[in-house]
Amino acid sequence: MTLSRSGDALTRIEDDHLLRGNTTFVANLDLGHAASVVFVNSTMAHANIGDVDVSEALAAPGVLAVVTAADLEAAGLRPTVGVAPEFPKDAAREIFARSRVRYVGQPIAAVIAETEAQAADASELVIVDYEPLEAVIDLATAHDGRPLFSEPSNVLVTESLPDSEPVDISQFEASVSATINNNRVAPCPIEPRVAGALWDESGRLFQFASCQGVHPIRATLAKYYGLETEQVRVTTADVGGSFGSKGGQYPEEIILGHLARTVQRPVLWAPTRSADMVGLGHSRAQLQHIEIGGDRNGKIRALQATVRVDCGAYPVAGLALARNTGRMMPGPYDIEHVHWELEAVVTNSTPIVAYRGAGRPEAGALVDRAIDLFAAEIGMAPEEVRRMNLLESEQLPFTNPTGVIYDSGDYQQAFEMATSELDLPALRAEQAERRAAGSTKQLGVGFSVFVDRTAGVPGSEYG
């Protein structure tokens, strides 16, 4: 059951086939004598690549082909999937690593065999000659590490809120600064990245994907293979979770069409969970230096932050997520001065993609941590600071200092409803008793007032 806007119970109609097991996941599709694909992934975070010896793998039982970056070049295919214009061209993500690997899990070659077990066994026979390099993994010091690309620094892009300058936070009656690490996380949907591909007799490419949207994938494939969009059909049925992590297309999926053409039959790729933990994009990974200032009566006057985002080894979505963090940084609070600066940094780690809010939850964490620190500084209950600074319904529609329009809502009422359900006085009393008794089971009482906008990364609301 779920609730409608009016609070009435509605019966879900989409679950029956899932509960009965009458599902259509990509790994269960009958593509017609499909060959299995297993990728050979880097076991090193940063290294130059010498020779990639595939001779033993090619001779293994059931193996139909082994494809490397050199084979893509011989076939006249682009070695990369492109990169946003604000980044250097050599930071484009590679389909297969050519002369260097930059993160554990980066694909180096693909083994196609009659069965998945045969492909997995043969992948172990591919010998990669690594020359280890220093790995840059600490976001706090990555800017001083060995550059991953041609830029003199691993900070590839810096931005700030337009038409805004930082203020001296010490001018206010009370001010606090802190550096907060919003940890890197690894999305873990029930179904890993799974995809299949085949060509029909007319030269049309069919791609079967576990994804959030088929049309962007169709556009990517058409561009990569030099086809009209009408020559590409992408389908998806049941999807065992994504939450943003399957919002874009990965190099392994893009190249399946070429692998199918190479062996002249359909191919299916269903990675293991361990392969997905380093290949499926990670997310969050922000180092946030925050400053908050205001009056000792609880009124917040200024909030500003420098957000350093870890893009991973290739800049995929990290900068877009940090832009979202900046846009939503003020949350549902009426703060006169807001300023943000962003730094997009590359490290020898799995590339960052969208996950569960795409940068907006990071903004919620930022402002809530800042308010808690400010409340502690002025000796005021954190819930009272929030009450004083939450937008009033009469102020809506409201354009916040970063340009986001809040069209409706009653944040004050929602906050009062939540805190009344908590019975704060009783919780505070229990908290004090436990502390006085030196209990090892302490009681934490925290608050978060989170506001989001539907879609838009980082554009305006359109949903």
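Counting heavy-atom neighbours within 6.0 Å of E228 CD, excluding the residue itself, gives a total of 12 or less. Heavy atoms from other residues, nucleotides or ligands lying under 6.0 Å from CZ of R356 number 12 at most. For E165, the CD atom sits in a loose shell: 12 or fewer heavy atoms of surrounding residues, nucleotides or ligands are nearer than 6.0 Å. Within 6.0 Å of CG on D168 lie more than 12 heavy atoms contributed by other residues, nucleotides or ligands. The number of heavy-atom neighbours closer than 6.0 Å to CD of E173, taken from other residues, nucleotides and ligands shown, is above 12. By the 6.0 Å contact criterion, CZ on R78 is enclosed, its count of non-hydrogen atoms from other residues, nucleotides or ligands being greater than 12.
In this structure, the side chains of N48 and R100 come closer than 4.5 Å at one or more pairs of heavy atoms. In this structure, the side chains of M380 and F374 stay at 4.5 Å or more apart for every pair of heavy atoms. Counting only heavy atoms from C-beta outward, the side chains of I255 and L72 approach each other to under 4.5 Å. Side chains of I137 and T347 form no contact here, defined as non-hydrogen atoms less than 4.5 Å apart. Contact annotation: the side chain of T80 never approaches that of Y314 to less than 4.5 Å [non-hydrogen atoms, C-beta and beyond]. Using a 4.5 Å cut-off on side-chain heavy atoms (C-beta onward), T220 and Q207 make no contact. Taking 4.5 Å as the limit, every side-chain heavy atom of L303 sits out of range of all side-chain heavy atoms of Y333. Counting heavy atoms from C-beta on, the side chains of P315 and V83 come closer than 4.5 Å.
Side-chain atoms of T141 do not come within 3.5 Å of backbone N or O of D144 as any donor-acceptor pair. Side-chain N or O atoms of R296 include none that pairs as donor or acceptor with a backbone N or O of A174 at under 3.5 Å. In this structure, N389 contributes its side chain and K299 its backbone to no donor-acceptor pair below 3.5 Å. Side chain of Q231 to backbone of A222: no donor-acceptor contact under 3.5 angstrom is found. For S36 (side chain) and E116 (main-chain N/O), a donor-acceptor pair under 3.5 Å exists by modelled atom type. Under the 3.5 Å distance criterion, the side-chain polar atoms of K246 are matched with a main-chain donor or acceptor of G241. Of the possible donor and acceptor atoms, one in the side chain of D276 sits under 3.5 Å from a partner among the backbone N and O of R193. The backbone N or O of R369 sits nowhere less than 3.5 Å from a side-chain atom of D372 that would complete a donor-acceptor pair. Remark: the backbone N or O of M328 is not paired with any side-chain donor or acceptor of N400 at under 3.5 angstrom. In this structure, Q412 contributes its side chain and L390 its backbone to a donor-acceptor pair below 3.5 Å.
Between N324 and A358, the closest heavy-atom pair is ND2-O, 2.8 Å. Of all heavy-atom pairs between P166 and Q304, the closest is CA-OE1, 3.6 Å. Shown here for M44 and S42, the closest heavy-atom pair between the two residues is O-OG, 2.6 Å. A pairwise comparison of heavy atoms in L427 and L422 identifies CD1-O, 3.4 Å as the closest pair. Here the shortest heavy-atom pairing between G364 and F450 reads CA-CD1, 3.9 Å. The two residues V63 and A122 come nearest to each other via the heavy atoms CG2-CB, 3.4 Å.
Checking each of E362, R284, Q288, Q286 against T325 for a side chain to side chain donor-acceptor pair (under 3.5 Å) leaves exactly one that passes, namely Q286. In summary, of the residues considered (P361, C311, S283), a side chain to side chain contact (heavy atoms under 4.5 Å, CB included) with L321 occurs for S283 alone.
Ionic pairing of R98 and E73 is not present here: no N-O contact between side-chain nitrogen and carboxylate oxygen is shorter than 4.0 angstrom. Using a 4.0 Å cut-off between a side-chain N of Lys or Arg and a carboxylate O of Asp or Glu, R387 and E384 qualify as a salt bridge.
Taking CZ of R434 as the start and NZ of K441 as the end, the distance is 8.5 Å to the nearest 0.5 Å. With rounding to the nearest 0.5 angstrom, the CD1 atom of I127 is 6.5 Å from the OG atom of S55. Interatomic distance, CD1 of I335 versus CD1 of I300, reported as 5.0 Å (0.5 Å rounding). Considering CG of L259 and CD1 of I112, their distance stands at 4.5 Å, rounded to 0.5 Å. In this structure, N297 CG and I378 CD1 are separated by 7.5 Å, a value rounded to the nearest 0.5 Å. Here the straight-line distance linking atom OH of Y224 with atom CD of Q249 works out to 11.0 Å at 0.5 Å rounding.
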Task: Derivation of the side chain to side chain donor-acceptor pair (under 3.5 Å) call for S164 and H339 - done: CA-CA 6 Å; S164 171; H339 180 75; 2.8 Å; yes
Task: side chain to side chain contact (heavy atoms under 4.5 Å, CB included) between R218 and H215, intermediate numbers included - done: CA-CA 5 Å; R218 182 182 68 168; H215 294 94; 3.9 Å; yes
- [ ] Starting from the C-alpha separation in whole Å, work towards a yes-or-no answer on side chain to side chain donor-acceptor pair (under 3.5 Å) for Q395 and Y406.
- [x] CA-CA 9 Å; Q395 294 177 264; Y406 302 175; over 6 Å; no
Open item on the list: Run the side chain to side chain contact (heavy atoms under 4.5 Å, CB included) test on H282 and S349 for me, step by step, so that the C-alpha distance in whole Å, both residues' side-chain angles and the decisive distance to 0.1 Å come before the verdict.
Closed with: CA-CA 9 Å; H282 294 176; S349 57; 6.0 Å; no
- [ ] Assess whether side chain to side chain contact (heavy atoms under 4.5 Å, CB included) is satisfied between I180 and L366, documenting all intermediate values.
- [x] CA-CA 8 Å; I180 297 169; L366 187 157; 5.9 Å; no
- [ ] For side chain to side chain donor-acceptor pair (under 3.5 Å), just list the numbers for H46 and R146, CA-CA rounded to whole Å, side-chain angles, deciding distance to a tenth of an Å, and then say yes or no.
- [x] CA-CA 11 Å; H46 200 193; R146 174 175 179 154; 5.4 Å; no
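Note: W269 and F39 have perpendicular aromatic rings, judged against thresholds of 30 and 60 degrees for the angle between ring planes.
A cation-pi arrangement is absent between R386 and F415 under the rule of less than 6.0 angstrom and at most 45 degrees off the ring axis.
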